[in-house]
Protein chains: 2
Amino acid sequence: MATIYEVSKLAGVSLATVSRVMNKNTPVRESTRKKVEAAMAELGYRPNSIAQSLASSRSNSIGILVSELHGPFYGAMISSIEAEFRTAGKHVIIAAGHSEEATERDGIEFLLSRNCDALILHVEAVSDEYLVQLKAKEIPFVLINRQVPAIEGHCISLNNKLGGYLATQVLLKQGHRELGYISGPLWKADAQDRYRGHKLALQEAGIDWDERRLFEGDFHESGGSDGIKYLLGQGLAFTGLICANDEMASGAMTEAREQGLSIPQQLSIIGFDNVMLSHYTYPKLTTIDYPIAAMGQMAARWVLKHIYQQQSLQLQLVFEPKVIERDSCVSQSSTAR
Amino acid sequence: MATIYEVSKLAGVSLATVSRVMNKNTPVRESTRKKVEAAMAELGYRPNSIAQSLASSRSNSIGILVSELHGPFYGAMISSIEAEFRTAGKHVIIAAGHSEEATERDGIEFLLSRNCDALILHVEAVSDEYLVQLKAKEIPFVLINRQVPAIEGHCISLNNKLGGYLATQVLLKQGHRELGYISGPLWKADAQDRYRGHKLALQEAGIDWDERRLFEGDFHESGGSDGIKYLLGQGLAFTGLICANDEMASGAMTEAREQGLSIPQQLSIIGFDNVMLSHYTYPKLTTIDYPIAAMGQMAARWVLKHIYQQQSLQLQLVFEPKVIERDSCVSQSSTAR
DNA sequence: TTGTAAGCGTTATCAC
DNA sequence: GTGATAACGCTTACAA
């Protein structure tokens with residue numbers, strides 16, 4: 001591979017000049033620029049990004065830590081992040097945290113050891129304090145889907161409470177008054193917030209909260225099916241079911257059907273996230289849209305603005321969920337049970 | 001950030017010695033190693049990987065190019081690749097090619113410019129010649145899901161023909177003799193091979209091949225629904241349908257249902273890939289398993305073996321698909337149409 | 001077993 | 001505008 005040195009020799013200029021035409025930061029005489037460019041072309045010169053990084057102490061790489069690389073959710077997020085950075089000439093290094101504290105810390109350490117200019121984190125297990133401490137260190141980061149008060153400016157989040165509220169409203173508006181709720185693990189802030197929104201909607205509708213109507217699931221399919229079994233076991237009637245994510249909604253749907261309930265005729269189900277699978281279930285799942293792609297893009301812009309000085313970018317830190325009406329919820333009048 | 005130099009001063013040894021204890025490649029006296037390690041701990045020293053890369057001309061990074069980052073398929077692949085490399089202390093840089101020739105080339109260029117030690121490519125649009133030329137250049141790569149004869153040793157692929165054959169056999173064994181086939185774009189080698197396998201199975205079963213029973217789809221949902229419309233429009237009876245991937249099978253399922261066919265009672269459908277969604281459809285999709293996670297892992301091992309000299313690793317270049325029986329196919333005897 | 005010193009390919013600070 | 005030249009933080013012969 002040709003180096004800047006060979007280019008400078010061929011062009012009959014100094015190293016420094018070649019560097020200048022590459023970086024366009026210092027004026028260079030038109031004629032010499034041409035010479036240099038010709039030499040670069042002739043040698044098929046490509047700058048060595050490692051050497052650039054060492055000299056400039058900018059790696060132009062951004063670390064991304066997500067819970068899982070597979071699954072329906074993070075792909076969309078990574079995709080939008082990658083696209084945004086790619087056009088900016090930055091690249092993306094990825095790692096998985098598997099929702100476990102130790103692994104998440106490891107992942108962050110790993111990314112740090114790679115000299116990333118910034119980190120985009122979707123972490124769940126790590127504590128708020130850890131993140132606050134992390135801010136004290138040298139590497140800047142943004143958080144996706146998490147609100148940490150002490151570092152608010154670093155958080156890109158969804159209004160999960162509103163989401164839970166909206167989901168519940170969909171069913172209430174359809175006349176359902178007997179509801180079940182399958183939550184995510186309540187130690188996770190987003191699960192907690194969604195549930196809060198649910199309770200708020202109930203309260204506004206004058207429906208008493210009943211603990212027996214809550215099942216705490218795991219955000220996976222099994223949580224949905226376990227939830228159905230549990231709710232049916234309580235001996236309470238319910239014609240509407242809110243699930244705190246689509247995977248649980250899918251599990252609930254399957255299990256409900258196995259228990260002899262037809263969906264949506266006997267039970268309306270609404271999910272949350274609007275991941276790909278919600279489109280594939282039968283009936284197609286009514287759900288709450290989580291604009292994860294837009295949020296990923298915004299995280300990328302945050303980095304571009306704060307780290308790479310693209311000052312002109314506008315930022316939005318809090319996103320709003322919205323209802324996606326499909327086929328899994330129908331009005332109570334058409335429901336019999 | 002502390003540098004190797006500060007560590008050496010604190011430990012009272014030379015730069016070189018510190019480097020040696022880090023890399024464990026040259027014997028170091030136990031006592032001095034202790035001193036150095038103590039110094040490193042005291043300073044919270046972390047090696048600068050950029051400087052290491054420049055000095056050793058090893059970036060310890062591997063570029064991955066896939067068609068799409070979102071979607072059900074590549075997530076599983078990236079996930080297994082990342083896991084394998086992570087334990088080896090390497091990291092992964094990703095880029096998307098979007099199945100377009102120009103973008104795929106760009107992606108490869110981009111990854112090359114990042115000084116990756118090796119590339120793992122899942123490319124579809126780029127020509128065989130391009131890849132052969134690429135081999136001539138300095139950066140080594142493995143191909144996933146593609147067979148290029150001239151560089152066979154670099155190809156990790158699925159026996160797609162066998163897959164098409166097996167899928168067809170599932171239906172044949174269930175007594176179906178009137179079949180439809182919704183293919184992927186036939187310019188893609190995998191789509192072509194799957195279709196070949198289908199024809200072979202037909203031939204062995206003594207069933208004449210009928211061009212009207214083939215619809216060339218796009219590997220997306222719309223391909224499945226268009227396929228159903230087309231096949232129904234041909235006025236030919238069929239009780240079994242093979243789709244060259246799961247997304248098209250899902251589209252076909254939905255459309256068939258809209259056309260008044262019940263699945264699987266009136267039409268058995270089999271997919272291909274066994275991506276996550278096949279599990280979410282109703283009925284659950286019978287399909288052909290594409291061991292993409294295992295293949296991704298193998299690609300990572302290929303790199304570990306060939307580039308990072310982990311000689312002991314065993315490699316497997318060709319993988320076999322296998323049938324995953326679920327609920328979307330039933331025997332012809334229970335079918336009426 | 002350890003130290004010295006020459007790179008690795010850039011960027012950036014000076015002079016000129 | 002342009003050219004020397006000193007970093008950047010590490011690896012790796014080569015000596016000792």
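All chains are named by letter (A, B, ...) in the order of the sequence lines, taking the proteins before the strands, and each is independently numbered beginning at 1.
In this structure, B:Gln311 places its CD atom where more than 12 heavy-atom neighbours from other residues, nucleotides or ligands lie under 6.0 Å away.
A salt bridge (charged side-chain N to carboxylate O under 4.0 Å, His left out) check over residues 79-91 of chain A, counting only residues at least two apart or in different chains, returns the pairs A:Glu82-A:Arg86, A:Glu84-A:Arg301. Residue pairs satisfying the salt bridge (charged side-chain N to carboxylate O under 4.0 Å, His left out) criterion with at least one member in residues 37-46 of chain B, sequence neighbours excluded, are listed as follows: A:Glu109-B:Arg46, B:Arg33-B:Glu37.
Between A:Tyr290 and the options A:Tyr74, A:Phe319, A:Phe73, a ring-ring contact (aromatic ring centres under 6.0 Å, His included) holds for only A:Phe73.
Expressed to the nearest 0.5 Å, how far CD1 of A:Ile50 lies from OG of B:Ser61 amounts to 6.5 Å. Between the CG atom in B:Leu317 and the CD atom in B:Glu152 there is a gap of 8.5 Å [rounded to 0.5 Å]. Once rounded to the nearest 0.5 Å, the distance linking OG of A:Ser19 with NZ of A:Lys24 reads 12.0 Å. Taken to the nearest 0.5 Å, the CD1 atom of B:Ile78 stands 12.0 Å off from the NE2 atom of A:His70.
In the region residues 13-35 of chain B, proximity to DNA chain C at under 4.0 angstrom, judged on heavy atoms, holds for B:Val13, B:Ser14, B:Ala16, B:Thr17, B:Arg20, B:Thr26, B:Pro27, B:Val28, B:Arg29, B:Thr32. Residues from residues 36-50 of chain A with heavy atoms under 4.0 angstrom of DNA chain C, sorted by number: A:Tyr45, A:Arg46, A:Pro47, A:Asn48.
A rotation axis mapping the C1' atoms of four pairs onto the next four is fitted at both ends of the helix from C:dT1-D:dA16 to C:dC16-D:dG1 over five pairs, and the angle between these axes is 30° to 10 degrees.
Residues B:Glu6 and B:Tyr45 have side chains not in contact (no heavy-atom distance under 4.5 Å, counting atoms from C-beta outward).
Residues satisfying the ring pair (Phe, Tyr, Trp, His ring centres under 6.0 Å) criterion with B:His91, sequence neighbours excluded, are absent altogether. In this structure A:Phe85 satisfies the ring pair (Phe, Tyr, Trp, His ring centres under 6.0 Å) test with no other residue, sequence neighbours excluded. With sequence neighbours excluded, no residue satisfies ring pair (Phe, Tyr, Trp, His ring centres under 6.0 Å) with B:Phe219. Remark: B:Asp106 pairs with no residue by the side-chain hydrogen bond (donor to acceptor under 3.5 Å, both in side chains) rule, at least two apart or across chains. Partners of B:His154 under the ring pair (Phe, Tyr, Trp, His ring centres under 6.0 Å) rule, at least two apart in sequence or in another chain, are B:Phe141, B:Trp302.
Nucleotides of DNA chain D with any atom under 4.0 Å from a heavy atom of chain A span, from 5' to 3', D:dG1 to D:dG9. Here chain A contacts DNA chain C (any atom closer than 4.0 Å to a heavy atom, that is under 4.0 Å), and the contacts span C:dG9 to C:dT13 from 5' to 3'.
Of all the heavy atoms in A:Ile307 and A:Asp117, the pair that sits closest is CG2-O, 4.0 Å.
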